[in-house]
Structure formats: structure tokens, C-alpha cells
Amino acid sequence: MFYFDSTIFLLIPAIILAFYAQFKVKSSYGKFSQVPNRRGITGYETARRILDANGLQHIQIERVSGELTDHYDPRTGVVRLSGGIYGGRSVASVSVAAHEIGHAIQHATGYNALIVRNRLVPVANIASNLAWPLAIIGILMGSLAGSRIFDLAIILYAVAVLFQLITLPVELNASRRALQQLDKLGIVTEEGELRQSKKMLSAAALTYVAAAAVAVANLLRLFFLRNND
């Protein structure tokens, strides 16, 4: 991924965006984790209420270590919330918890983009790990066989890029569902609080936009390297 050559400059805008996205999500979390939600409920209570309201009483909620390590595991049907979200009573806590439940609702309703993304996970992991080593091997070999290996690297990395691109609508849709549930169930009690939740979730979504931008930039690098071979 960080093979250094003249095409590295293609990565600079995407890397800047990635750094900004990380800054934005951390600053937004730092800000809204200090703003108590007016209902005074925790992230766990938020998650449980939304799950129960959508007929998902069987979904379990677990507390995990770390900060913003929250996720929904479709294999086990478990929502895992970090400590600050699980027990927190802030706008950030209810927003992030609701987002993860958005994924659980996607899973329960058969949301197509989520299904495709989940099926791509093992392939995308292998593809992203192998692509650049194969590309470097292909460059060093510098023969017809090397070109074939480089072409394979491009195909593999294209799969990883596809995974990142499919992730975007999945995450945006989960946030949209979260905001709808927060409003519908009265978990956030006024328009201003809903706007704060939207800002928190928009900051989190930007990290996925940045990840997709980095992936696309690296794929372009591979194409440029292939054409200049």
C-alpha cells in the first residue's frame, strides 16, 4: 500500500482527507460525549429500546473494551458497545449505539448492500493483504510473468476497493435508520438534539469516505504503474 514511487503523490489528497476524518470523528465524539441527552438514558438502553421496538429482542448487547470499538457482529447476532457508549448518557452515546442497531435492522430486513459486503469480507481481507506484495514482486521480476502477477495484483486490489465502496451506502443507511429511530422513539427529544446526533454520525461516516478515497487512489497508482511498466 505504501510502495514509494512517483505515483505516491496520488495518495496525498486522500491521506489528508483520512487525517481530517480521524480528527473530525475524535473531536465530534469528544464534544458530544460531554453533552448529556435530555432523556438521560444510556447507550445500552438506547440500543435495547430500538431493538425491542423492531422485534429484535433476541439480539444481545455486550460491552467491549476500547474507544469507539462499537460494532454489530452479523455472525453471532450480537451488538458490541464500547464502555463510553454502553454506559454513557450523552448525545454521542445514544447516536453511536443507534447506528450499530441500524446495522442489526439492516441484517434483519435483508438489506442487499449489507449482504454483499458481508460476503466480501473474507475475500477483501485476503485481496488487500496480497495485492501490493504481488505488485512489488511483479515490478521486480520485470518480465511477462511479472506482468501477469501485476495484473493479478490489480484484480485483487479492485476487490478490496469494491468492498470499501459498498461499505459507504451500508454505513450511511445505518446512520439514516439510527436517526429515524431516535426521533420516532423519542430518544432525542428536540430538533437541536437530533441535529447534534446527525453531526456525530456524519463525522463518523467521513472516516468511511476517506477509507474509500485512499483505496481508489491506490488502485489508480497500480494502473499508472502498470501502464508505465
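Residue numbers start at 1 and run along the sequence shown.
Separating the CD1 atom in Ile166 from the CZ atom in Arg119 is a distance of 11.5 Å, to the nearest 0.5 Å.
Under a 4.0 Å N-O distance rule, the pair Glu193/Arg39 does not qualify as a salt bridge.
Looking only at atom types and distance, the side chain of Gln196 has no donor-acceptor partner in the side chain of Asn37 under 3.5 Å away.
Contact of the Tyr208 side chain with the Val170 side chain is not registered, since no non-hydrogen atoms from C-beta on lie closer than 4.5 Å. Put simply, the side chain of Met141 reaches to within 4.5 Å of the side chain of Ile149, judged on heavy atoms.
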Donor-acceptor pairs under 3.5 angstrom involving side-chain atoms of residues 69-76: please list them, not counting sequence neighbours.
unit_1, atom_1, unit_2, atom_2, d
Thr69, OG1, Ser65, O, 2.8
Asp70, OD1, Ser82, OG, 3.2
Asp70, OD2, Ser82, N, 2.6
Asp70, OD2, Ser82, OG, 3.0
His71, ND1, Thr69, O, 2.9
Tyr72, OH, His107, ND1, 2.7
Asp73, OD1, Arg75, N, 2.9
Asp73, OD1, Arg75, NE, 3.1
Asp73, OD2, Arg75, NH2, 3.3
Asp73, OD2, Thr76, OG1, 3.3
Asp73, OD2, Arg80, NH1, 3.2

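Classified by interplanar angle (parallel below 30°, tilted 30° to 60°, perpendicular above 60°), the ring pair Tyr157/Trp132 is perpendicular. Between His99 and His103, the angle of the ring planes goes over 60°, which puts this pair in the perpendicular group of the 30/60° scheme.
Annotation for Arg63: atom CZ counts as buried by contact number, over 12 foreign heavy atoms lying within 6.0 Å. For Arg176, the CZ atom sits in a packed shell: over 12 heavy atoms of surrounding residues, nucleotides or ligands are nearer than 6.0 Å.
Remark: Phe163 engages no residue in a ring-ring contact (aromatic ring centres under 6.0 Å, His included) (not counting sequence neighbours).
A cation-pi geometry, defined here as NZ or CZ lying under 6.0 Å from the six-membered ring centre and within 45° of its normal, does not hold between Arg221 and Phe9.
Grouping the Ile, Leu, Val, Met, Phe, Trp and Tyr side chains by contacts below 4.5 angstrom, directly or via other members, places Val96 apart from Leu206.
No donor-acceptor pair closer than 3.5 Å links the side chain of Glu171 to the backbone N or O of Leu168.
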